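Since the structure comes first, as C-alpha coordinates, the remarks are kept for the end.
The shown structure was predicted, so the numbers you read here are calculated from the model rather than taken from an experiment. No hydrogens, no waters, no symmetry mates; every other heavy atom, side chains included, goes into these values. Indexing begins at 1, ligand by ligand and atom by atom, following the structure's order.
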Amino acid sequence: RSALHSLISVENRADFDLARAATESRDYIVETSSGAVLPAAITGSRIEGSQDVIFVFHDITDRRRAERRVSYLAKHDGLTRLPNRMQFKHLLQQALARAQRDATLVALLYLDVDRFKEVNDTFGHSAGDRALEILSERLTAKMPQGAVIGRLAGDEFAAFLPISGVSDRGVLAALSREVLTDVSRAFFLNDTEIYLTLSVGIALSEAPIDNTIDLIRSADVAMYHAKQSGGGTYAFYDPQMSIAAVERLVLKSKLRRSLELEELVTLYQPLVDLESGAVVGAEALLRWRLPGHGDIPPSEFIPLAEQSNLIHAIGEWVFRRVCADFAAWRTAGAAPKRVAINLSLRQFGRPGTVERIAEILKEHNVAPSVIELEITESTLMEYERSGPVLESLAALGFRIAIDDFGTGYSSLAALRQMPVQTLKIDQSFVHRLTEDGDNATLTRTIVELGRNLGLEVVAEGIETTEQRQLLALQGCHLGQGRLFGAPMTAQQFQERLVTEKPESPPTIRFSA
Ligand code: C2E
Ligand code: MG
Ligand code: MG
(Lines give C-alpha, C1' and ligand atoms only; values in the text may rest on other atoms or scores of the structure.)
(Ligands and ions follow the chains in the order given, each with its own letter.)
Protein backbone atom coordinates (compact mmCIF):
# COMPACT_ATOMS: atom_id res chain seq x y z
CA ARG A 1 0.00 0.00 0.00
CA SER A 2 1.40 3.37 -0.97
CA ALA A 3 1.11 6.58 0.92
CA LEU A 4 -1.11 7.70 -1.89
CA HIS A 5 -3.73 5.16 -0.86
CA SER A 6 -4.28 6.85 2.45
CA LEU A 7 -5.26 10.04 0.61
CA ILE A 8 -8.07 8.33 -1.28
CA SER A 9 -11.37 8.28 0.57
CA VAL A 10 -12.33 4.97 2.09
CA GLU A 11 -15.15 4.24 -0.40
CA ASN A 12 -12.83 4.86 -3.37
CA ARG A 13 -9.75 3.19 -1.99
CA ALA A 14 -10.41 -0.28 -3.37
CA ASP A 15 -10.71 1.20 -6.90
CA PHE A 16 -7.36 2.88 -6.69
CA ASP A 17 -4.64 1.06 -8.56
CA LEU A 18 -1.22 2.66 -8.42
CA ALA A 19 0.07 1.20 -11.70
CA ARG A 20 -3.02 2.39 -13.55
CA ALA A 21 -3.02 5.78 -11.86
CA ALA A 22 0.53 6.25 -13.16
CA THR A 23 -0.67 6.12 -16.75
CA GLU A 24 -4.20 7.48 -16.84
CA SER A 25 -6.08 10.33 -15.24
CA ARG A 26 -9.15 9.46 -13.18
CA ASP A 27 -11.46 11.17 -10.70
CA TYR A 28 -11.50 10.15 -7.02
CA ILE A 29 -12.78 11.46 -3.75
CA VAL A 30 -9.76 12.38 -1.63
CA GLU A 31 -9.32 13.22 2.02
CA THR A 32 -6.68 15.80 2.86
CA SER A 33 -4.62 15.67 6.01
CA SER A 34 -6.71 18.50 7.43
CA GLY A 35 -9.77 16.29 7.04
CA ALA A 36 -11.33 18.01 3.99
CA VAL A 37 -13.10 15.69 1.57
CA LEU A 38 -13.15 16.79 -2.07
CA PRO A 39 -13.29 15.40 -5.59
CA ALA A 40 -9.98 15.39 -7.40
CA ALA A 41 -8.57 14.28 -10.73
CA ILE A 42 -5.36 12.35 -10.17
CA THR A 43 -2.95 12.36 -13.10
CA GLY A 44 0.30 10.43 -13.06
CA SER A 45 3.27 11.10 -15.33
CA ARG A 46 6.53 9.24 -15.42
CA ILE A 47 9.67 11.32 -15.03
CA GLU A 48 11.81 10.83 -18.10
CA GLY A 49 14.80 8.51 -17.61
CA SER A 50 13.57 7.31 -14.25
CA GLN A 51 11.09 4.90 -12.69
CA ASP A 52 9.52 7.68 -10.62
CA VAL A 53 6.04 8.96 -11.18
CA ILE A 54 4.70 12.39 -10.30
CA PHE A 55 1.06 12.47 -9.28
CA VAL A 56 -0.84 15.69 -9.68
CA PHE A 57 -4.03 16.14 -7.67
CA HIS A 58 -6.38 18.58 -9.24
CA ASP A 59 -9.33 19.83 -7.19
CA ILE A 60 -12.38 19.39 -9.46
CA THR A 61 -15.04 20.72 -7.09
CA ASP A 62 -15.92 23.53 -9.52
CA ARG A 63 -16.03 21.24 -12.51
CA ARG A 64 -18.29 18.81 -10.66
CA ARG A 65 -20.59 21.65 -9.68
CA ALA A 66 -20.78 22.83 -13.28
CA GLU A 67 -21.50 19.29 -14.46
CA ARG A 68 -24.28 18.94 -11.90
CA ARG A 69 -25.68 22.29 -12.99
CA VAL A 70 -25.66 21.27 -16.65
CA SER A 71 -27.34 17.97 -15.94
CA TYR A 72 -29.87 19.73 -13.70
CA LEU A 73 -30.66 22.27 -16.39
CA ALA A 74 -31.05 19.54 -18.99
CA LYS A 75 -33.65 17.84 -16.85
CA HIS A 76 -35.51 20.76 -15.34
CA ASP A 77 -37.52 23.68 -16.49
CA GLY A 78 -35.61 26.89 -15.80
CA LEU A 79 -38.65 28.87 -14.72
CA THR A 80 -40.46 26.59 -12.30
CA ARG A 81 -37.57 24.21 -11.49
CA LEU A 82 -39.92 21.33 -12.11
CA PRO A 83 -38.77 18.35 -14.17
CA ASN A 84 -39.11 19.19 -17.86
CA ARG A 85 -41.01 17.11 -20.38
CA MET A 86 -38.15 14.71 -21.08
CA GLN A 87 -37.27 14.14 -17.46
CA PHE A 88 -40.93 13.84 -16.48
CA LYS A 89 -41.42 11.12 -19.09
CA HIS A 90 -38.32 9.38 -17.87
CA LEU A 91 -39.53 9.41 -14.24
CA LEU A 92 -43.00 8.32 -15.34
CA GLN A 93 -41.50 5.40 -17.22
CA GLN A 94 -39.67 4.25 -14.09
CA ALA A 95 -42.84 4.60 -12.02
CA LEU A 96 -44.79 2.55 -14.57
CA ALA A 97 -42.20 -0.22 -14.49
CA ARG A 98 -42.33 -0.24 -10.69
CA ALA A 99 -46.14 -0.34 -10.69
CA GLN A 100 -46.18 -3.23 -13.14
CA ARG A 101 -43.80 -5.17 -10.93
CA ASP A 102 -45.87 -4.47 -7.80
CA ALA A 103 -49.24 -4.99 -9.54
CA THR A 104 -50.30 -1.45 -8.68
CA LEU A 105 -51.22 1.47 -10.95
CA VAL A 106 -50.03 4.96 -11.81
CA ALA A 107 -52.45 7.86 -12.13
CA LEU A 108 -51.51 10.71 -14.43
CA LEU A 109 -53.03 14.16 -14.17
CA TYR A 110 -52.62 16.45 -17.16
CA LEU A 111 -53.15 20.09 -16.20
CA ASP A 112 -53.56 22.94 -18.63
CA VAL A 113 -54.22 26.56 -17.73
CA ASP A 114 -57.47 27.91 -19.17
CA ARG A 115 -57.06 30.92 -21.47
CA PHE A 116 -53.47 31.43 -20.45
CA LYS A 117 -52.86 33.19 -23.74
CA GLU A 118 -55.00 36.06 -22.47
CA VAL A 119 -52.77 36.53 -19.45
CA ASN A 120 -49.74 36.73 -21.71
CA ASP A 121 -51.40 39.01 -24.20
CA THR A 122 -52.82 41.33 -21.58
CA PHE A 123 -50.01 41.52 -19.03
CA GLY A 124 -46.98 40.53 -21.08
CA HIS A 125 -44.70 37.54 -20.95
CA SER A 126 -42.90 38.24 -17.72
CA ALA A 127 -46.23 38.49 -15.91
CA GLY A 128 -47.23 35.26 -17.62
CA ASP A 129 -44.05 33.66 -16.31
CA ARG A 130 -44.80 34.88 -12.82
CA ALA A 131 -48.29 33.38 -13.03
CA LEU A 132 -46.79 30.03 -14.01
CA GLU A 133 -44.40 30.19 -11.08
CA ILE A 134 -47.23 30.83 -8.65
CA LEU A 135 -49.18 28.03 -10.20
CA SER A 136 -46.34 25.56 -9.91
CA GLU A 137 -45.79 26.52 -6.26
CA ARG A 138 -49.44 25.91 -5.50
CA LEU A 139 -49.46 22.61 -7.34
CA THR A 140 -46.37 21.44 -5.54
CA ALA A 141 -47.87 22.35 -2.18
CA LYS A 142 -51.13 20.56 -2.90
CA MET A 143 -49.92 17.31 -4.41
CA PRO A 144 -49.56 14.39 -1.99
CA GLN A 145 -46.22 12.95 -1.07
CA GLY A 146 -44.92 10.55 -3.70
CA ALA A 147 -46.39 12.59 -6.54
CA VAL A 148 -44.06 13.91 -9.23
CA ILE A 149 -44.93 17.16 -10.98
CA GLY A 150 -43.48 18.28 -14.28
CA ARG A 151 -43.87 21.12 -16.74
CA LEU A 152 -44.54 19.64 -20.14
CA ALA A 153 -44.72 22.82 -22.20
CA GLY A 154 -45.77 26.46 -21.87
CA ASP A 155 -48.84 26.35 -19.67
CA GLU A 156 -49.10 22.56 -19.52
CA PHE A 157 -48.22 20.68 -16.38
CA ALA A 158 -48.58 17.05 -15.40
CA ALA A 159 -48.35 15.07 -12.21
CA PHE A 160 -48.27 11.36 -11.58
CA LEU A 161 -48.71 9.37 -8.42
CA PRO A 162 -48.79 5.71 -7.53
CA ILE A 163 -52.22 4.33 -6.62
CA SER A 164 -53.26 0.91 -5.44
CA GLY A 165 -55.97 0.33 -8.04
CA VAL A 166 -58.98 1.72 -9.92
CA SER A 167 -60.84 1.99 -6.62
CA ASP A 168 -58.70 5.07 -5.96
CA ARG A 169 -60.70 7.07 -8.50
CA GLY A 170 -62.65 8.71 -5.68
CA VAL A 171 -59.42 9.83 -4.05
CA LEU A 172 -58.17 11.25 -7.34
CA ALA A 173 -61.43 13.10 -7.93
CA ALA A 174 -61.21 14.64 -4.46
CA LEU A 175 -57.57 15.58 -5.06
CA SER A 176 -58.46 17.20 -8.38
CA ARG A 177 -61.24 19.22 -6.79
CA GLU A 178 -58.85 20.39 -4.08
CA VAL A 179 -56.20 21.38 -6.59
CA LEU A 180 -58.74 23.20 -8.74
CA THR A 181 -60.03 25.19 -5.76
CA ASP A 182 -56.57 25.98 -4.51
CA VAL A 183 -55.05 27.20 -7.78
CA SER A 184 -58.06 29.38 -8.54
CA ARG A 185 -57.38 31.61 -5.52
CA ALA A 186 -56.75 35.16 -6.67
CA PHE A 187 -53.24 36.59 -6.81
CA PHE A 188 -51.82 39.90 -7.88
CA LEU A 189 -49.87 40.68 -11.04
CA ASN A 190 -48.86 44.30 -11.56
CA ASP A 191 -51.54 45.39 -9.08
CA THR A 192 -54.23 43.49 -10.93
CA GLU A 193 -56.14 40.68 -9.34
CA ILE A 194 -55.83 37.52 -11.43
CA TYR A 195 -57.75 34.28 -11.25
CA LEU A 196 -56.46 31.28 -13.11
CA THR A 197 -58.39 28.11 -13.65
CA LEU A 198 -57.14 24.76 -14.86
CA SER A 199 -58.53 21.94 -16.91
CA VAL A 200 -57.44 18.57 -15.60
CA GLY A 201 -57.48 15.26 -17.43
CA ILE A 202 -56.86 12.06 -15.50
CA ALA A 203 -55.79 8.69 -16.87
CA LEU A 204 -54.86 5.48 -15.07
CA SER A 205 -52.35 2.93 -16.24
CA GLU A 206 -55.00 0.22 -16.32
CA ALA A 207 -54.79 -2.26 -19.24
CA PRO A 208 -54.38 -1.72 -22.13
CA ILE A 209 -52.57 1.51 -21.21
CA ASP A 210 -49.12 0.29 -20.27
CA ASN A 211 -46.66 2.89 -21.57
CA THR A 212 -45.86 6.55 -20.99
CA ILE A 213 -46.94 7.69 -24.44
CA ASP A 214 -50.43 6.17 -24.18
CA LEU A 215 -50.83 7.34 -20.62
CA ILE A 216 -49.89 10.94 -21.42
CA ARG A 217 -52.02 10.94 -24.53
CA SER A 218 -55.06 9.58 -22.69
CA ALA A 219 -54.76 12.13 -19.90
CA ASP A 220 -54.34 14.81 -22.57
CA VAL A 221 -57.54 13.67 -24.30
CA ALA A 222 -59.40 13.75 -20.97
CA MET A 223 -57.99 17.26 -20.35
CA TYR A 224 -59.26 18.31 -23.75
CA HIS A 225 -62.75 17.13 -22.76
CA ALA A 226 -62.56 19.02 -19.48
CA LYS A 227 -61.61 22.10 -21.49
CA GLN A 228 -64.47 21.56 -23.93
CA SER A 229 -66.91 21.64 -21.03
CA GLY A 230 -65.80 25.15 -20.19
CA GLY A 231 -62.59 24.64 -18.19
CA GLY A 232 -62.05 24.87 -14.45
CA THR A 233 -62.91 21.21 -14.12
CA TYR A 234 -61.51 17.67 -14.37
CA ALA A 235 -62.40 14.60 -16.40
CA PHE A 236 -61.33 10.98 -16.27
CA TYR A 237 -60.18 9.39 -19.50
CA ASP A 238 -62.71 7.10 -21.06
CA PRO A 239 -61.93 5.03 -24.17
CA GLN A 240 -65.20 6.33 -25.63
CA MET A 241 -63.66 9.77 -25.90
CA SER A 242 -63.44 10.36 -29.59
CA ILE A 243 -60.63 9.25 -31.83
CA ALA A 244 -60.90 12.63 -33.54
CA ALA A 245 -59.93 14.34 -30.31
CA VAL A 246 -56.91 12.09 -30.00
CA GLU A 247 -55.83 12.94 -33.48
CA ARG A 248 -56.26 16.65 -32.92
CA LEU A 249 -54.15 16.43 -29.82
CA VAL A 250 -51.41 14.44 -31.45
CA LEU A 251 -51.33 16.94 -34.28
CA LYS A 252 -51.26 19.85 -31.88
CA SER A 253 -48.26 18.58 -30.02
CA LYS A 254 -46.46 17.82 -33.27
CA LEU A 255 -47.35 21.23 -34.68
CA ARG A 256 -45.41 22.81 -31.86
CA ARG A 257 -42.25 21.31 -33.24
CA SER A 258 -43.02 21.80 -36.92
CA LEU A 259 -41.27 25.18 -36.99
CA GLU A 260 -38.00 24.05 -35.47
CA LEU A 261 -38.05 20.89 -37.56
CA GLU A 262 -38.59 22.97 -40.71
CA GLU A 263 -41.63 20.97 -41.68
CA LEU A 264 -43.58 23.97 -42.92
CA VAL A 265 -43.40 25.08 -46.54
CA THR A 266 -45.11 27.74 -48.57
CA LEU A 267 -46.33 26.82 -52.04
CA TYR A 268 -47.25 29.44 -54.61
CA GLN A 269 -50.25 29.44 -56.87
CA PRO A 270 -49.93 31.68 -59.93
CA LEU A 271 -52.29 34.63 -60.24
CA VAL A 272 -52.89 35.31 -63.91
CA ASP A 273 -54.35 37.91 -66.19
CA LEU A 274 -57.45 36.13 -67.52
CA GLU A 275 -57.15 37.62 -70.98
CA SER A 276 -53.48 37.14 -71.70
CA GLY A 277 -52.78 34.26 -69.34
CA ALA A 278 -49.67 36.09 -68.15
CA VAL A 279 -48.60 35.49 -64.57
CA VAL A 280 -48.93 38.69 -62.57
CA GLY A 281 -48.49 37.34 -59.09
CA ALA A 282 -48.93 34.45 -56.72
CA GLU A 283 -50.73 33.46 -53.57
CA ALA A 284 -48.64 31.87 -50.85
CA LEU A 285 -50.31 28.75 -49.48
CA LEU A 286 -48.98 27.09 -46.41
CA ARG A 287 -48.37 23.35 -46.13
CA TRP A 288 -47.24 21.21 -43.24
CA ARG A 289 -45.10 18.33 -44.48
CA LEU A 290 -45.44 15.98 -41.54
CA PRO A 291 -43.27 12.93 -42.14
CA GLY A 292 -45.48 9.87 -42.31
CA HIS A 293 -48.62 11.95 -42.88
CA GLY A 294 -47.88 13.66 -46.17
CA ASP A 295 -49.00 17.26 -46.63
CA ILE A 296 -51.48 18.51 -44.06
CA PRO A 297 -53.70 21.29 -45.46
CA PRO A 298 -53.97 24.61 -43.62
CA SER A 299 -57.65 24.00 -42.92
CA GLU A 300 -56.56 21.29 -40.48
CA PHE A 301 -53.71 22.95 -38.67
CA ILE A 302 -54.37 26.70 -38.77
CA PRO A 303 -57.37 26.29 -36.42
CA LEU A 304 -55.14 24.29 -34.05
CA ALA A 305 -52.45 26.95 -34.22
CA GLU A 306 -55.07 29.60 -33.51
CA GLN A 307 -55.94 27.93 -30.23
CA SER A 308 -52.47 28.66 -28.96
CA ASN A 309 -49.72 31.20 -29.35
CA LEU A 310 -48.37 29.17 -32.24
CA ILE A 311 -50.33 31.18 -34.75
CA HIS A 312 -48.03 34.14 -34.06
CA ALA A 313 -44.87 32.20 -34.73
CA ILE A 314 -46.34 30.54 -37.80
CA GLY A 315 -47.69 33.82 -39.15
CA GLU A 316 -44.34 35.53 -38.83
CA TRP A 317 -42.62 32.53 -40.32
CA VAL A 318 -44.81 32.81 -43.42
CA PHE A 319 -43.88 36.49 -43.83
CA ARG A 320 -40.21 35.69 -43.46
CA ARG A 321 -40.43 32.80 -45.94
CA VAL A 322 -42.37 34.77 -48.54
CA CYS A 323 -39.99 37.73 -48.29
CA ALA A 324 -36.98 35.44 -48.71
CA ASP A 325 -38.57 33.74 -51.73
CA PHE A 326 -39.50 37.09 -53.24
CA ALA A 327 -35.94 38.32 -52.81
CA ALA A 328 -34.67 35.17 -54.56
CA TRP A 329 -37.04 35.67 -57.51
CA ARG A 330 -35.92 39.27 -57.75
CA THR A 331 -32.29 38.16 -57.86
CA ALA A 332 -33.22 35.77 -60.67
CA GLY A 333 -34.68 38.77 -62.50
CA ALA A 334 -38.21 37.42 -62.31
CA ALA A 335 -40.02 39.13 -59.47
CA PRO A 336 -43.81 38.98 -59.83
CA LYS A 337 -45.84 42.16 -59.39
CA ARG A 338 -47.42 40.90 -56.21
CA VAL A 339 -47.62 38.08 -53.72
CA ALA A 340 -50.66 37.37 -51.58
CA ILE A 341 -50.38 36.16 -48.01
CA ASN A 342 -53.30 34.74 -46.06
CA LEU A 343 -53.80 36.16 -42.62
CA SER A 344 -55.65 35.04 -39.61
CA LEU A 345 -56.60 38.15 -37.69
CA ARG A 346 -55.86 36.30 -34.50
CA GLN A 347 -52.25 36.78 -35.45
CA PHE A 348 -52.71 40.38 -34.50
CA GLY A 349 -53.98 39.76 -31.01
CA ARG A 350 -50.47 40.32 -29.74
CA PRO A 351 -49.14 43.86 -29.56
CA GLY A 352 -46.27 44.72 -31.86
CA THR A 353 -47.13 42.25 -34.61
CA VAL A 354 -47.64 44.91 -37.26
CA GLU A 355 -44.27 46.47 -36.39
CA ARG A 356 -42.54 43.10 -36.48
CA ILE A 357 -43.96 42.33 -39.90
CA ALA A 358 -42.81 45.72 -41.20
CA GLU A 359 -39.37 44.89 -39.82
CA ILE A 360 -39.26 41.53 -41.62
CA LEU A 361 -40.08 43.21 -44.93
CA LYS A 362 -37.38 45.80 -44.36
CA GLU A 363 -34.80 43.09 -43.64
CA HIS A 364 -35.46 41.56 -47.05
CA ASN A 365 -35.88 44.89 -48.76
CA VAL A 366 -39.41 44.04 -49.90
CA ALA A 367 -41.88 46.90 -50.35
CA PRO A 368 -45.25 46.43 -48.61
CA SER A 369 -46.97 47.46 -51.84
CA VAL A 370 -46.04 44.13 -53.48
CA ILE A 371 -47.69 42.18 -50.68
CA GLU A 372 -51.42 41.66 -50.67
CA LEU A 373 -52.90 40.48 -47.39
CA GLU A 374 -55.90 38.19 -47.71
CA ILE A 375 -58.45 38.32 -44.98
CA THR A 376 -61.56 36.19 -45.08
CA GLU A 377 -64.92 37.83 -45.32
CA SER A 378 -66.07 36.34 -42.05
CA THR A 379 -63.09 37.83 -40.21
CA LEU A 380 -63.82 41.22 -41.68
CA MET A 381 -67.27 41.06 -40.20
CA GLU A 382 -65.69 41.50 -36.82
CA TYR A 383 -64.62 44.86 -38.14
CA GLU A 384 -64.92 46.47 -34.74
CA ARG A 385 -61.91 44.46 -33.67
CA SER A 386 -60.07 44.04 -36.95
CA GLY A 387 -60.56 47.63 -38.09
CA PRO A 388 -57.61 49.29 -36.34
CA VAL A 389 -55.26 46.47 -37.39
CA LEU A 390 -56.34 46.74 -41.03
CA GLU A 391 -55.97 50.50 -40.92
CA SER A 392 -52.42 50.27 -39.66
CA LEU A 393 -51.52 47.61 -42.25
CA ALA A 394 -53.01 49.73 -45.02
CA ALA A 395 -51.14 52.76 -43.71
CA LEU A 396 -47.89 50.83 -44.08
CA GLY A 397 -48.70 50.35 -47.76
CA PHE A 398 -49.91 46.74 -47.83
CA ARG A 399 -52.69 45.88 -50.26
CA ILE A 400 -55.66 44.19 -48.66
CA ALA A 401 -57.97 41.61 -50.23
CA ILE A 402 -61.21 40.08 -49.02
CA ASP A 403 -60.86 36.34 -49.42
CA ASP A 404 -63.68 33.85 -50.05
CA PHE A 405 -65.97 36.73 -50.92
CA GLY A 406 -69.62 35.74 -51.20
CA THR A 407 -69.57 33.23 -48.37
CA GLY A 408 -69.99 35.78 -45.60
CA TYR A 409 -72.51 38.50 -45.16
CA SER A 410 -70.58 41.70 -45.56
CA SER A 411 -72.73 44.67 -46.30
CA LEU A 412 -71.83 47.14 -48.97
CA ALA A 413 -71.76 49.85 -46.36
CA ALA A 414 -69.17 47.91 -44.37
CA LEU A 415 -67.12 47.26 -47.50
CA ARG A 416 -66.96 50.95 -48.29
CA GLN A 417 -65.42 51.73 -44.92
CA MET A 418 -62.60 49.27 -45.24
CA PRO A 419 -59.19 49.92 -46.75
CA VAL A 420 -59.59 47.13 -49.31
CA GLN A 421 -58.30 46.90 -52.90
CA THR A 422 -59.34 43.41 -53.99
CA LEU A 423 -62.28 41.02 -53.80
CA LYS A 424 -61.62 37.32 -54.28
CA ILE A 425 -64.67 35.43 -55.50
CA ASP A 426 -64.97 32.21 -53.57
CA GLN A 427 -64.21 29.15 -55.62
CA SER A 428 -67.57 27.54 -54.86
CA PHE A 429 -69.25 30.10 -57.14
CA VAL A 430 -66.68 29.60 -59.84
CA HIS A 431 -67.08 25.81 -59.77
CA ARG A 432 -70.80 25.92 -60.38
CA LEU A 433 -70.53 28.84 -62.75
CA THR A 434 -70.88 26.95 -65.99
CA GLU A 435 -73.59 24.56 -64.88
CA ASP A 436 -75.87 26.77 -62.86
CA GLY A 437 -77.50 29.95 -64.14
CA ASP A 438 -77.87 31.51 -60.70
CA ASN A 439 -74.18 31.31 -60.01
CA ALA A 440 -73.43 33.00 -63.30
CA THR A 441 -75.57 35.83 -62.01
CA LEU A 442 -73.81 35.77 -58.70
CA THR A 443 -70.31 36.05 -60.13
CA ARG A 444 -71.49 38.79 -62.49
CA THR A 445 -73.00 40.67 -59.54
CA ILE A 446 -69.80 40.41 -57.52
CA VAL A 447 -67.70 41.59 -60.46
CA GLU A 448 -70.00 44.57 -60.95
CA LEU A 449 -70.06 45.31 -57.27
CA GLY A 450 -66.29 45.30 -57.24
CA ARG A 451 -66.10 47.59 -60.19
CA ASN A 452 -68.53 50.04 -58.58
CA LEU A 453 -66.40 50.15 -55.49
CA GLY A 454 -63.27 50.57 -57.56
CA LEU A 455 -61.91 47.20 -56.50
CA GLU A 456 -59.99 44.58 -58.40
CA VAL A 457 -61.75 41.23 -58.65
CA VAL A 458 -59.96 37.88 -58.59
CA ALA A 459 -61.78 34.62 -59.33
CA GLU A 460 -60.51 31.62 -57.42
CA GLY A 461 -60.52 27.91 -58.28
CA ILE A 462 -60.75 28.23 -62.08
CA GLU A 463 -60.50 24.71 -63.47
CA THR A 464 -61.88 24.91 -67.01
CA THR A 465 -61.44 27.09 -70.09
CA GLU A 466 -65.19 27.64 -70.07
CA GLN A 467 -65.07 29.15 -66.58
CA ARG A 468 -62.17 31.34 -67.58
CA GLN A 469 -63.95 32.66 -70.67
CA LEU A 470 -67.20 33.36 -68.88
CA LEU A 471 -65.46 35.23 -66.08
CA ALA A 472 -63.42 37.25 -68.53
CA LEU A 473 -66.61 38.16 -70.40
CA GLN A 474 -68.21 39.26 -67.14
CA GLY A 475 -65.35 41.69 -66.70
CA CYS A 476 -63.24 39.81 -64.18
CA HIS A 477 -59.62 40.45 -65.10
CA LEU A 478 -57.69 38.23 -62.75
CA GLY A 479 -57.91 34.64 -61.67
CA GLN A 480 -56.19 31.64 -60.24
CA GLY A 481 -56.89 27.92 -60.27
CA ARG A 482 -55.66 24.59 -61.50
CA LEU A 483 -56.24 25.66 -65.10
CA PHE A 484 -53.27 28.00 -64.72
CA GLY A 485 -51.33 26.03 -62.19
CA ALA A 486 -51.76 24.24 -58.89
CA PRO A 487 -49.81 25.51 -55.88
CA MET A 488 -46.10 24.90 -56.59
CA THR A 489 -42.76 25.33 -54.83
CA ALA A 490 -40.95 28.68 -54.87
CA GLN A 491 -38.37 27.15 -57.22
CA GLN A 492 -41.01 25.89 -59.65
CA PHE A 493 -42.72 29.26 -59.57
CA GLN A 494 -39.44 30.99 -60.34
CA GLU A 495 -38.86 28.69 -63.33
CA ARG A 496 -42.32 29.50 -64.55
CA LEU A 497 -41.67 33.24 -64.25
CA VAL A 498 -38.33 32.99 -66.00
CA THR A 499 -39.63 30.98 -68.96
CA GLU A 500 -42.72 33.14 -69.32
CA LYS A 501 -40.97 36.46 -69.25
CA PRO A 502 -40.16 36.91 -72.95
CA GLU A 503 -43.73 36.55 -74.13
CA SER A 504 -45.05 39.56 -72.29
CA PRO A 505 -47.37 40.77 -75.06
CA PRO A 506 -50.79 39.14 -74.55
CA THR A 507 -51.20 35.99 -76.62
CA ILE A 508 -54.86 35.15 -76.13
CA ARG A 509 -57.64 37.65 -76.53
CA PHE A 510 -61.28 37.38 -75.66
CA SER A 511 -63.77 39.79 -77.11
CA ALA A 512 -66.87 40.85 -75.25
P1 C2E B 1 -57.88 30.31 -49.80
O2 C2E B 1 -57.09 31.53 -49.51
O3 C2E B 1 -59.26 30.51 -50.34
O4 C2E B 1 -56.98 29.47 -50.77
C5 C2E B 1 -57.40 28.88 -51.94
C6 C2E B 1 -57.49 27.39 -51.80
O7 C2E B 1 -58.00 26.81 -53.01
C8 C2E B 1 -56.14 26.72 -51.60
O9 C2E B 1 -56.35 25.65 -50.72
C10 C2E B 1 -55.80 26.22 -52.98
O11 C2E B 1 -54.91 25.14 -52.97
C12 C2E B 1 -57.16 25.81 -53.49
N13 C2E B 1 -57.23 25.79 -54.95
C14 C2E B 1 -56.48 26.50 -55.83
N15 C2E B 1 -56.85 26.27 -57.10
C16 C2E B 1 -57.88 25.39 -57.04
C17 C2E B 1 -58.71 24.77 -58.07
O18 C2E B 1 -58.57 25.00 -59.26
N19 C2E B 1 -59.68 23.94 -57.62
C20 C2E B 1 -59.86 23.67 -56.29
N21 C2E B 1 -60.84 22.83 -55.95
N22 C2E B 1 -59.12 24.24 -55.32
C23 C2E B 1 -58.13 25.09 -55.69
P24 C2E B 1 -55.42 25.43 -49.48
O25 C2E B 1 -54.01 25.63 -49.91
O26 C2E B 1 -55.83 24.14 -48.89
O27 C2E B 1 -55.78 26.59 -48.50
C28 C2E B 1 -56.97 26.60 -47.81
C29 C2E B 1 -57.09 27.85 -47.00
O30 C2E B 1 -56.14 27.90 -45.96
C31 C2E B 1 -56.83 29.10 -47.81
O32 C2E B 1 -57.98 29.41 -48.50
C33 C2E B 1 -56.48 30.09 -46.74
O34 C2E B 1 -57.64 30.68 -46.20
C35 C2E B 1 -55.82 29.24 -45.67
N36 C2E B 1 -54.38 29.45 -45.68
C37 C2E B 1 -53.47 29.03 -46.59
N38 C2E B 1 -52.23 29.45 -46.28
C39 C2E B 1 -52.35 30.17 -45.14
C40 C2E B 1 -51.42 30.89 -44.31
O41 C2E B 1 -50.22 31.00 -44.58
N42 C2E B 1 -51.92 31.50 -43.18
C43 C2E B 1 -53.24 31.45 -42.88
N44 C2E B 1 -53.65 32.08 -41.78
N45 C2E B 1 -54.12 30.79 -43.63
C46 C2E B 1 -53.71 30.15 -44.76
MG1 MG C 1 -56.46 33.04 -49.88
MG1 MG D 1 -60.10 32.01 -51.07
Would you say Thr376 has an N, O or S atom lying under 2.8 Å from the Mg ion (ligand 2)? no

Short N/O/S contact of Asp404 with the Mg ion (ligand 2) (below 2.8 Å): no

Assess the side chains of Glu456 and Gln421: does a donor N or O sit below 3.5 Å from an acceptor N or O? no

Counting non-hydrogen protein atoms only, what is the nearest one to atom 15 (N) of ligand 1? Give residue, atom name and distance. Gln269 NE2, 2.8 Å

Return the closest protein heavy atom for atom 6 (C) of ligand 1 as residue, atom name and distance. Gln427 NE2, 3.5 Å

Applying the salt bridge (Lys or Arg N to Asp or Glu O under 4.0 Å) criterion to Lys227, which one of Asp155, Asp114, Asp220 satisfies it? Asp114

Arg468 versus Thr464: any side-chain heavy-atom pair under 4.5 Å? no

Using a strict cut-off of 4.0 Å, indicate which atoms of ligand 1 neighbour a heavy atom of Ile462. 18 (O)

Enumerated ligand 1 atoms positioned under 4.0 Å from heavy atoms of Ser344: 44 (N)

Counting from 1, what ligand 1 atoms have a heavy atom of Asp404 closer than 4.0 Å? 3 (O)

Any Gln480 heavy atom less than 4.0 Å to ligand 1: no

Would you mind telling me if ligand 1 is within reach of the side chain of Arg482, the backbone, both or neither, using heavy atoms under 4.0 Å? both

Distance check below 2.8 Å: does Asp403 bring an N, O or S atom to the Mg ion (ligand 3)? yes

Any heavy atom of Lys424 closer to ligand 1 than 4.0 angstrom? no

Atoms of ligand 1 under 4.0 Å from any heavy atom of Glu463, numbered from 1 in the order shown, are 17 (C), 18 (O), 19 (N), 20 (C), 21 (N)

For atom 16 (C) of ligand 1, tell me which residue out of Gly461, Ala305, Ala284 has the closest non-hydrogen atom. Gly461

Which ligand 1 atoms does Pro487 reach within 4.0 Å, using its non-hydrogen atoms? 11 (O)

Which residue and non-hydrogen atom of the protein lie closest to atom 43 (C) of ligand 1, and at what distance in Å? Asn342 O, 3.6 Å

Decide side-chain hydrogen bond (donor to acceptor under 3.5 Å, both in side chains) for Asp77 and Thr80; before the verdict, give the C-alpha distance in whole Å, the side-chain angles of both, and the deciding distance to 0.1 Å. CA-CA 6 Å; Asp77 164 47; Thr80 60; 2.5 Å; yes

Give the atoms of ligand 1, by number and element, whose distance to some non-hydrogen atom of Glu374 is under 4.0 Å. 2 (O)

closest protein heavy atom to atom 2 (O) of ligand 1 is Asp403 OD2, 2.7 Å

Salt-bridge criterion met for Asp182 and Arg138 (N-O under 4.0 Å): no

the protein heavy atom lying closest to atom 41 (O) of ligand 1 turns out to be Leu286 CB, 3.5 Å

Is there an N/O/S atom in Glu460 that lies less than 2.8 Å from the Mg ion (ligand 3)? yes

Element-labelled atoms of ligand 1 that are located less than 4.0 Å from some non-hydrogen atom of Glu460: 1 (P), 3 (O), 4 (O), 5 (C)

Would Tyr110 and Phe157 count as a close aromatic pair, with their ring centres under 6.0 Å? no

Considering only protein heavy atoms, which is closest to atom 31 (C) of ligand 1, and at what distance to one decimal place? Leu285 CD2, 4.3 Å

Asp403 vs Ile375 side-chain heavy atoms within contact, under 4.5 Å: no

So, the side chain of Arg338 versus the backbone of Gly281: is there a donor-acceptor pair under 3.5 Å, distance only? no

Around atom 26 (O) of ligand 1, find the nearest protein heavy atom and jot down its residue, atom name and distance. Pro298 CD, 3.7 Å

Could you walk me through whether Arg356 and Glu359 pass salt bridge (Lys or Arg N to Asp or Glu O under 4.0 Å), step by step? CA-CA 5 Å; Arg356 254 192 316 279; Glu359 200 53 44; over 6 Å; no

